[in-house]
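Working notes for the structure below.
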Amino acid sequence: MRLLLLSLMVLYAGMAHAADGLVVNDTTFDARVAEAVAKRNVMHTHEDTLRYVSTIKSLYAENPADQRPFLLIAEYCYKRNDISMTREMVEWMLNSQPDDQRAWLLLAETEMTKNNFMEAAAAYRMALQKEGNEAEIKYNLALCLLNKAALVNESDGGDKSLKTRCLDEAQEMLEAVRLCDPKRMRLDWVAPLYTVYQMKGDRDKAEELKPFVH
């Protein structure tokens, strides 16, 4: 579940048309955002890319509370798909805005796409310390831990204690989600929680959920 993308794509639809009414030499913040939107797909040279990155970072630094500059940064990071670059960008944002939950979510989701599940989990834990999106973050954190646990092969000398810790924390997160969203209106926690119970050998709890697994 790409929480950051899902939450920000609503804004993206409006931004796609932001450059339509662009006025030449307009230096207002909104105009500079619109200009950045217009240029985001026309970077032909390395110098173009450097100028674009400088622009969106400048916009974020000027008004970090505005979603649009952050969305442009997130989109750029997703398109580049470069984990080192994303880590550097997140570190830069957090140096000036240490409470920006979005930066931790950007890092977590990027790490997860690279199957760096423990690194993603660490970023989600940091995001969880900030206000908002609690259920969604706990759900994503649980998925990271569940994926990591599935990769630990005990018969090949895998770290049994790591697997146990991952499953225990995943269960804690998913049961918390279950409490705040019992009817699964926002998050379908049944299948991953069922998997956790199965992997832990808790047959009674697994059987309780089995009829609801699709």
Side-chain angles (χ1 to χ4, degrees), residues 1-23 26-134 136-141 143-144:
M1 178 183 179
R2 301 289 290 276
L3 174 63
L4 185 64
L5 277 181
L6 290 173
S7 63
L8 294 181
M9 283 305 102
V10 175
L11 291 174
Y12 180 83
M15 286 179 60
H17 303 288
D20 292 347
L22 187 62
V23 178
D26 187 345
T27 59
T28 63
F29 183 80
D30 285 345
R32 285 182 284 127
V33 169
E35 184 176 6
V37 171
K39 292 181 177 179
R40 65 189 225 289
N41 290 322
V42 289
M43 292 175 279
H44 301 300
T45 67
H46 180 62
E47 289 71 23
D48 289 340
T49 300
L50 291 178
R51 280 193 294 270
Y52 177 74
V53 172
S54 177
T55 295
I56 59 179
K57 289 174 71 174
S58 176
L59 290 168
Y60 174 86
E62 181 177 340
N63 190 356
D66 193 302
Q67 289 278 40
R68 296 170 298 172
F70 178 81
L71 175 55
L72 291 171
I73 290 175
E75 181 193 42
Y76 176 77
C77 290
Y78 284 136
K79 284 184 175 181
R80 288 293 297 268
N81 198 27
D82 182 333
I83 189 63
S84 296
M85 183 271 295
T86 300
R87 288 170 179 163
E88 291 177 4
M89 189 72 82
V90 167
E91 182 179 3
W92 173 81
M93 287 188 285
L94 290 172
N95 279 337
S96 62
Q97 300 295 324
D99 292 326
D100 193 339
Q101 185 189 75
R102 302 167 303 177
W104 288 113
L105 292 176
L106 172 60
L107 179 59
E109 293 179 6
T110 305
E111 297 280 11
M112 199 168 181
T113 63
K114 298 293 186 180
N115 293 334
N116 298 330
F117 297 119
M118 296 309 287
E119 291 83 354
Y124 277 126
R125 290 190 193 101
M126 292 301 298
L128 197 55
Q129 296 178 21
K130 315 304 176 184
E131 186 176 352
N133 303 305
E134 182 177 349
E136 289 80 1
I137 295 171
K138 287 183 175 180
Y139 179 86
N140 279 0
L141 171 55
L143 294 186
C144 290

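As the structure is a computational prediction, the values presented were derived from the model and not from experiment.
Ion pair Glu134/Lys138 flagged as a salt bridge, since at least one NZ, NE, NH1 or NH2 atom sits closer than 4.0 Å to an Asp/Glu carboxylate oxygen. Between Lys39 and Asp48, no side-chain nitrogen of the basic residue sits less than 4.0 Å from a carboxylate oxygen of the acidic one, so the salt-bridge criterion is not met. A salt bridge links Glu111 and Arg87; the closest N-O separation between the charged side-chain nitrogens and carboxylate oxygens is under 4.0 Å.
Looking only at side-chain heavy atoms (C-beta outward), Gln101 and Glu131 stay at 4.5 Å or farther from each other. In this structure the side chain of Leu106 reaches within 4.5 angstrom of the side chain of Phe70, judged on heavy atoms. Side-chain contact between Arg32 and Glu62: present, with at least one pair of heavy atoms (C-beta onward) separated by less than 4.5 Å. Arg68 has its side chain within reach of Phe29: a pair of non-hydrogen atoms, C-beta onward, lies under 4.5 Å apart. Side-chain contact between Trp104 and Arg125 is absent, with no heavy-atom pair separated by less than 4.5 Å. When side chains are defined from C-beta on, Ile137 counts as touching Leu105, because their heavy atoms get closer than 4.5 Å. Contact check for Tyr139 versus Tyr124: no side-chain heavy atoms found under the 4.5 Å cut-off. Looking only at side-chain heavy atoms (C-beta outward), Thr86 and Tyr78 stay at 4.5 Å or farther from each other.
Between the CD1 atom of Ile56 and the CZ atom of Arg51 there is a distance of 14.0 Å, given to the nearest 0.5 Å. The structure places CE of Met112 at 13.0 Å from CG of Leu107, a figure rounded to the nearest 0.5 Å. Atoms CG and CD, on Asp30 and Glu35 in that order, are 13.0 Å from each other to the nearest 0.5 Å. We find the SG-CD distance between Cys77 and Glu88 to be 10.0 Å, quoted to the nearest 0.5 Å. To the nearest 0.5 angstrom, Arg102 atom CZ is 8.5 Å from Gln97 atom CD. Here Ile83 contributes atom CD1 and Lys114 contributes atom NZ; the two are 7.0 Å apart, rounded to the nearest 0.5 Å.
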Stepwise side chain to side chain contact (heavy atoms under 4.5 Å, CB included) test for Lys57 and Trp92: CA-CA 9 Å; Lys57 289 174 71 174; Trp92 173 81; 3.5 Å; yes
Test side chain to side chain contact (heavy atoms under 4.5 Å, CB included) applied to Asn140 and Glu136, step by step: CA-CA 6 Å; Asn140 279 0; Glu136 289 80 1; 5.8 Å; no
Stepwise side chain to side chain contact (heavy atoms under 4.5 Å, CB included) check, Asn95 with Glu91: CA-CA 6 Å; Asn95 279 337; Glu91 182 179 3; 4.0 Å; yes
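Between the side chain of Asn116 and the backbone N or O of Glu119 there is no donor-acceptor pair closer than 3.5 Å.
Here the shortest heavy-atom pairing between Pro64 and Ala61 reads CD-O, 3.8 Å. Scanning all heavy atoms of the two residues, the minimum distance from Tyr52 to Ala36 falls at CE1-O, 3.3 Å.
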